[in-house]
Amino acid sequence: MGAYCLLAANAGHTRFPTDSAGDRDMGQSLGVRGRLLLAFFSISAFALLAAGTAMVSFLSAGNALKHITEHHVPATVASQKLSRQAERIAAATPILLTVETAEEHGPASDRIAIDLARLNALLDALRSREPGSDTIALISNLVERLHSNLNTIDTMIFNNLVLIERRRELLRELGFTDISSRRLLAPGTLVLNAKLAELRTVMNTHDTDLSTQVQGLADLAVQVNTLAPVGQALVEVSSIYEMLIQAAGADTQEDLDLIVFPLRRALDTLATLMAHMDADLRARFAPNITRFWRFVDDDDGLIAARGRELRHLGLVSTLLAENVDISKQLTESVDRLVRRTERDIQAASAEARSIQRTSALILLVVVALSLVFSALIVWLYVDRILIARLTRLSDGMLAIAGGELNTPIRIGGQDEIGRMASAVEVFRETAIEVRRTNLREIQAARKRLSDAVESISEAFSLYDADDRLLLCNNHYRDNLYPDIATKIVPGATFTEILRAAVNAGLIQDAIADPEGWIKARLARHRAPREVQLQRQADGRWIQVDERRTEEGGTVAVYSDITELKQREQELSQKSIALERLSNQLGKYLPPQVYDSIFRGHREVKVASSRKKLTVFFSDIAGFTETADRLASEELTELVNQYLTEMSRIAQQHGATIDKYMGDGILIFFGDPETHGVRKDALACVEMAIAMRERLKDLVDLWRESGLEQALRVRMGIHTGYCTVGNFGSEDRLDYTIIGGAVNAASRLEARATPGEILISSETYTHVKDRIHCLEHGTIEVKGIAYPIVAYQVVDSYAHLGAERRHFHEAHPNVSLDLDLEGMTEGERQRAANILNHALDLLAGGDDGDPPDHRRQPDDHKLGRGSGS
Amino acid sequence: MSKQSLMVRWLTAIVLLATLPSPGWAGIRVGVAGPFTGQAVFRGEQLQQGAELAVADLNRSGGVLGQQVELLIADDACDANQGVAVAHKMVRDAVVLVVGHACSHASIPASEVYQAAGIVMMSPASTNPKLTDQGYDTVFRMCGRDDDQGQVAGDYLAAHWANEHIGILHDGTVYGKGLAEVVQATLDRRGVKPLVFRAYPPGARDYSALLDELKAQGIGVIFIGGYAAEAALIVRQSRDRGYDAQFVSGDTLTVDEFWMITGPAGEGTLVTFGPDPRRNRQAIAVVQQFREQGFEPAGYTLHTYAAIQAWAQAVERAGTTNVRAVASTLHTDDFDTVLGTIRFNRKGDISAPGYIWYLWSNGHYAPLR
């Protein structure tokens with residue numbers, strides 16, 4: 001299958017694998033995926049086979065192992081245990097016989113019982129494994145025998161203990177008997193020995209006479225003779241004791257039998273000797289002899305007891321021997337069992353090993369085959385069919401990516417790779433088409449752009465990020481820098497072109513300081529911010545508008561604005577002339593009106609409105625006479641100075657100067673601007689006061705200049721409704737006020753004495769809190785039905801307070817004016833009276849005559865004048 | 001305490017109890033130590049008989065603290081070294097009371113062992129003062145002291161034989177020499193000087209040379225500080241030689257052995273001894289028991305019996321065999337015994353009345369009229 005693919009691939013002249021003859025092959029239609037799957041499955045089959053073999057091997061080894069561990073090994077172990085237990089019992093049994101007391105017997109017996117029980121348990125366990133085994137039957141038999149043997153031994157031991165106890169008792173009794181016997185015989189023996197000593201002494205002394213000596217000897221001999229049996233008895237007692245001890249420890253019945261003879265003889269002798277003792281001693285000694293006899297003769301005596309012991313021991317020995325024999329047989333049987341089990345184990349393990357070997361072999365073969373097959377697949381298919389084609393395909397695609405579109409991709413095959421190859425081929429051809437189309441479009445676009453640029457009326461240039469000329473139109477070349485057209489080529493730097501232009505003297509601005517200008521120009525070029533103007537040498541004005549493009553290049557548009565410039569200049573000249581004109585005009589208008597007109601708030605047309613204004617008239621008293629006396633220049637100067645000062649003050653107070661009438665001034669407050677009637681009135685009055693003051697200064701000034709006359713001004717102020725606005729014709733207008741209020745103000749002014757300021761009551765009401773005024777009667781005014789109540793302005797309270805001692809308090813329900821400076825003594829007294837009365841009233845009493853302050857109504861008219 | 005550690009504690013206690021020296025015997029052990037061989041065997045017999053009957057009677061009436069009493073018998077052969085060995089054996093065998101020893105020169109070294117091991121020692125027969133003068137609070141004495149005995153003897157000699165030549169003999173033992181010295185000191189205080197004060201060899205058979213000497217010096221009364229066998233021999237040999245001096249001795253002569261050796265020669269020998277307890281009202285039943293068994297409870301038999309009686313009562317009262325408790329009870333209480341109502345002083349000496357004179361005659365000793 002793989003080889004076929006290979007051939008197909010190599011034979012591919014055609015580009016389209018669908019034409020290849022391999023089309024009809026079934027295998028081809030599987031495709032890469034299918035073939036790979038097939039390959040993997042077949043490799044997996046090998047792996048499965050290997051795994052299967054391994055499993056089989058493991059299982060059978062496991063079985064064998066299981067068999068060993070579950071059957072043979074436990075059996076062996078059990079047998080071994082049994083054998084060991086039997087040995088242990090056999091070893092422990094002799095120790096039983098060393099038991100000497102009942103207390104020791106109990107535990108020892110229990111231990112044996114436990115050991116036996118364990119043995120039985122082991123045997124049962126073994127039997128349960130192999131119920132029918134002969135060996136095991138034999139073993140059980142032996143165990144039973146062992147059991148009965150041990151039981152018998154146990155009983156024997158018990159009996160043994162009894163015998164041992166009896167022996168102990170007997171020995172104890174023997175000890176006492178011996179001691180008692182000796183005790184009884186000791187005194188006699190002592191005396192005997194003493195007598196013998198005496199005898200010796202007597203025998204050895206030769207200095208007395210023979211008869212005394214003989215007598216003495218004879219006496220002594222008699223005593224010795226009497227006492228001799230006691231001594232002999234002592235000897236016999238000793239010997240009897242020894243023999244009985246020996247008998248108690250006799251090893252054999254024969255020895256025992258043998259000892260009895262001398263024992264009896266000694267006892268007989270002792271009895272004989274007893275007969276020779278004195279009665280008292282004999283009586284005391286007799287029980288001991290009886291006891292000695294009993295040791296020898298009694299069934300329960302020492303000799304008999306020892307005999308029983310010996311017989312007993314014999315039996316026990318036999319039993320022990322039997323026990324040992326049984327144990328040995330048991331061990332042998334068990335060993336046979338063990339050996340058989342061991343053989344079984346070996347067989348099983350041999351089997352397991354052979355299985356292992358076979359399996360290992362199979363496994364190796366399978367693994368090898370698997371490896372070979374894998375290698376084949378990789379080499380024949382993967383490498384040659386898949387990898388090779390893929391590599392070629394990727395190379396082709398890389399070529400395409402690199403731009404090499406002309407080489408066709410020829411990779412055959414019906415599978416996925418073949419399909420991919422044909423797809424890439426299609427892509428390649430499409431790419432070729434697209435490229436061609438793109439080229440055409442690019443060319444078209446370029447032509448369009450250059451046409452557009454050319455048709456711009458301005459000069460246009462585009463410099464790239466490196467400041468090299470990319471594009472420019474003919475205007476740029478021909479009109480802007482005509483002489484240096486050769487320099488202006490794509491690729492030339494801005495600096496080069498600029499320098500060339502400067503050097504060619506094309507730029508007026510650069511002539512003075514070429515390097516400086518170039519430097520500045522380049523700086524502007526690099527950071528274009530605003531539009532620049534550039535003057536060419538031929539007088540043209542060029543506007544340079546440079547912008548940075550996104551890529552970092554610079555685009556510039558150069559516009560010829562010479563005409564524009566000219567017009568600009570004309571315009572500015574005209575504008576200056578106009579301004580001058582209007583300034584001159586302005587002098588004839590009140591500033592507010594002028595401002596108002598020029599700001600456009602007020603239309604210059606015939607119009608008026610009715611407002612409440614405060615009107616002010618003033619003129620200098622006795623001016624005309626003064627005017628006559630002065631020269632015109634001096635007069636002009638005087639008047640102008642006066643009017644200037646007054647105008648200044650008026651403007652400071654926000655007045656609208658209506659007109660000058662020679663030395664007279666008409667001013668009003670409330671139009672075009674107003675701060676409210678009250679404030680307007682107040683401003684007017686304050687202005688009046690200020691003007692009066694200022695005139696005083698001016699008069700001083702003028703005096704120094706030579707004018708003797710002390711000029712004083714008269715002022716009149718009234719607040720009322722006037723009609724204010726433009727009056728006149730369309731060609732000529734006058735901004736002024738008309739109305740009865742105007743007349744009123746005029747009349748007031750006329751009535752004022754020089755240096756007086758008269759205000760109407762209407763005005764007074766607005767300013768009385770701030771301005772100190774005196775009543776001034778009434779005035780008739782033409783055009784006004786009622787007479788005007790006039791007040792004379794003294795000064796503002798603020799000034800008064802500062803300059804004059806003037807007390808003024810105005811509060812709800814109480815007001816008090818004290819002109820302390822203007823008061824006479826009498827007036828002061830009266831004021832005091834009045835104030836005291838007021839105090840009384842305030843304190844609560846309202847009796848007492850109010851001081852009569854209504855008398856002397858003329859006081860306030862008299863000379864209380866403001867006067868300056 | 002957690003359950004587990006409680007269990008452990010119990011187990012430990014059980015194990016410890018199991019390992020206590022209790023050689024398969026759940027009772028109380030007492031020992032009687034005395035000379036059963038060698039010298040003074042008859043005194044040993046008295047001790048043994050007294051102890052055996054006392055223990056048998058005790059066990060018959062329920063034992064002590066509800067337990068049976070086991071009696072161990074050990075022979076010290078009236079020897080100091082063997083006495084100490086016996087003491088060690090008693091310690092090893094875990095006895096709580098030792099009745100003994102008899103010979104003072106064995107009792108005194110043995111008492112050190114008993115005191116160190118915490119075993120109550122009650123001597124029925126050792127009269128040397130040092131036994132209780134040592135200051136051991138576990139040592140008690142059922143008999144009198146030689147400083148009393150000697151004084152009694154000395155006074156008597158001075159009263160009756162001031163004009164005779166007095167001879168004092170001793171065997172060099174702790175008892176013998178000690179007693180002899182007290183007698184001499186007493187005589188000295190009375191202004192009587194004994195002519196002879198001599199030691200005699202205890203193991204010798206023939207005292208004839210010594211006796212001849214004394215006879216030659218004209219000694220009319222001889223005080224013997226020594227044990228019965230030698231004293232008896234001296235008396236017999238003197239009589240056999242026709243030397244009729246008056247013999248005076250101490251409590252050691254209250255044994256059968258004396259007359260068994262002297263025979264009729266012992267007639268008229270004067271001995272000092274405590275009041276004969278066989279005459280006590282409280283002792284009548286016990287004396288009867290002894291005689292029925294074929295044993296005459298002479299000498300210190302009943303003193304031995306009384307020792308065990310007193311000890312048993314002390315244990316019952318203290319509620320324990322612990323040596324401290326028992327010793328303290330013995331020091332403080334009164335006890336009803338075959339010797340009468342007795343008590344022990346701070347030193348351990350008995351409160352019984354002092355010594356009286358006895359005369360050996362016809363094979364018995366009886367109070368001197």
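Just so we're on the same page: letters track the sequence lines, and every chain starts at 1.
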side-chain hydrogen bond (donor to acceptor under 3.5 Å, both in side chains) against A/Glu169, all qualifying residues, sequence neighbours excluded
A/Arg166

Residues B/Asp240 and A/Lys195 bridged, charged N to O under 4.0 Å
yes

Portion of A/Glu104 that has a non-hydrogen atom of chain B nearer than 4.5 angstrom:
neither

Give, for atom CE of B/Met260 and atom CZ of A/Arg183, the distance between the pair rounded to the nearest 0.5 Å.
10.0 Å

In terms of heavy-atom pairs under 4.5 Å with chain B, which of A/Ala194, A/Ala186, A/Gly188, A/Ala197 leads?
A/Ala194

Residues B/Arg205 and A/Leu190: closest non-hydrogen pair is NH1-CD1, 3.4 Å

Sorted by number, residues from residues 279-317 of chain A in contact with chain B (heavy atoms, under 4.5 Å):
A/Leu281, A/Arg284

For chain B, which residues of residues 173-181 of chain A have heavy atoms nearer than 4.5 angstrom
A/Phe176, A/Ile179

Among B/Asp75, B/Leu233, B/Ile73, B/Thr37, which residue forms the greatest number of heavy-atom pairs with chain A at distances under 4.5 Å?
B/Leu233

A/Arg182 portion near chain B, given a 4.5 angstrom heavy-atom threshold:
neither

Give every residue pair that meets the salt bridge (charged side-chain N to carboxylate O under 4.0 Å, His left out) criterion with at least one member in residues 154-165 of chain A, sequence neighbours excluded.
A/Glu165-A/Arg168

Smallest separation among heavy atoms of B/Asp206 and A/Thr201, with atom names
OD2-OG1, 2.8 Å

Please flag which part of B/Ile261 lies under 4.5 Å from any non-hydrogen atom of chain A: side chain, backbone, both or neither.
both

Evaluate the side-chain proximity of A/Pro187 to B/Phe42: yes if any heavy-atom separation is below 4.5 Å, no if none is.
yes

